[in-house]
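The structure presented is a predicted model; accordingly, all values stated were derived computationally and were not measured. One is the number of the first residue; the rest follow in order along the sequence.
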Amino acid sequence: FDNFNGGPVTVSNLPTQTLSQIEINNDAIVTWQATSAITLTMIESLNLEAGSSLALSGSSAITMQFASGATGLISGTVSMLGTAAHRLSTTNGQAVRFESGALFVQEAPGPVFGTTGIPDAVVFGSGSTFSMQSTLPAALAPFGLAAPSSKVQFESGSTYALRSTVAGAFPLANRTYPNVLVDANT
């Protein structure tokens, strides 16, 4: 996806499918929606450049599954919006990395990185931000696995922004957080 038309692009009615590479660049704003629960299997890579964004939205769940060896390099914004349990899942540790300046927004129920599989599958590098904004009762922090294991790794210098008053959005027992920003009035 390249911002050649100068405006946002919504891809609706997505079917379950296998994708080789996805590139989102040049400040492209892309939204994916499905009419039923689907899985998009990445077999090579997802590259989301700074200034670009990808949103999974709607009332039907979209799972982005990274196959063994597939990688995600995120420098822009990824958002999971709506009432569906959208997921980003990987079979390899540290396969998806949010770089400095990257933002992940969770407004959908969670945990958005799944509840099974390998720990430390998704990494938030220094300067990146995970923003918990969900007001849904089913919203859970991104850890996904029983403490102290976690589906997500927050490196020193990353930020967990808490913009939710949902009880499961900020568990403390046996959890390690990076920089924490609490703004529960939004």
Listed once per pair and sorted, the ring pair (Phe, Tyr, Trp, His ring centres under 6.0 Å) pairs that draw on residues 45-95, sequence neighbours left out: none
Pairs touching residues 88-97 that satisfy salt bridge (charged side-chain N to carboxylate O under 4.0 Å, His left out), sequence neighbours left out: Arg97-Glu99, Arg97-Glu155
Contacts of Thr31 that satisfy side chain to side chain contact (heavy atoms under 4.5 Å, CB included) - sequence neighbours left out: Thr10, Gln33, Ala55, Ser57
Only distances under 3.5 Å count here; give the side-chain donor-acceptor pairs of residues 36-49 to other protein atoms, sequence neighbours excluded, each with its distance to 0.1 Å.
unit_1, atom_1, unit_2, atom_2, d
Glu44, OE1, Gln21, NE2, 3.3
Glu44, OE2, Ser20, OG, 3.0
Asn47, ND2, Glu23, OE1, 3.0

Pairing residues for Ala161 by the side chain to side chain contact (heavy atoms under 4.5 Å, CB included) criterion, not counting sequence neighbours: Thr129, Ser131, Arg163, Leu181
Residues which pass side chain to side chain contact (heavy atoms under 4.5 Å, CB included) with Ser100, listed by chain and number, not counting sequence neighbours: none
Residues that Ser89 engages under side-chain hydrogen bond (donor to acceptor under 3.5 Å, both in side chains), provided they are two or more places apart: Gln65
Exercise: identify the closest heavy-atom pair between Ile74 and Ala102: O-CB, 3.3 Å
Backbone of Leu81 reached by a side-chain donor or acceptor of Ser79 within 3.5 Å: no
Per-pair distances, 0.1 Å, donor-acceptor, side chain in residues 107-126, under 3.5 Å, sequence neighbours excluded:
unit_1, atom_1, unit_2, atom_2, d
Glu107, OE2, Gln133, NE2, 3.1

For Val180, all residues meeting side chain to side chain contact (heavy atoms under 4.5 Å, CB included), sequence neighbours excluded: Phe170, Tyr177, Val182
Members sharing Leu103's hydrophobic cluster (side chains within less than 4.5 Å): Val105
Residue pair Gln153 / Gln94: nearest heavy atoms and the distance that separates them: OE1-NE2, 3.0 Å
Where Ala70 and Asn92 come nearest, the two heavy atoms and their spacing: N-ND2, 4.4 Å
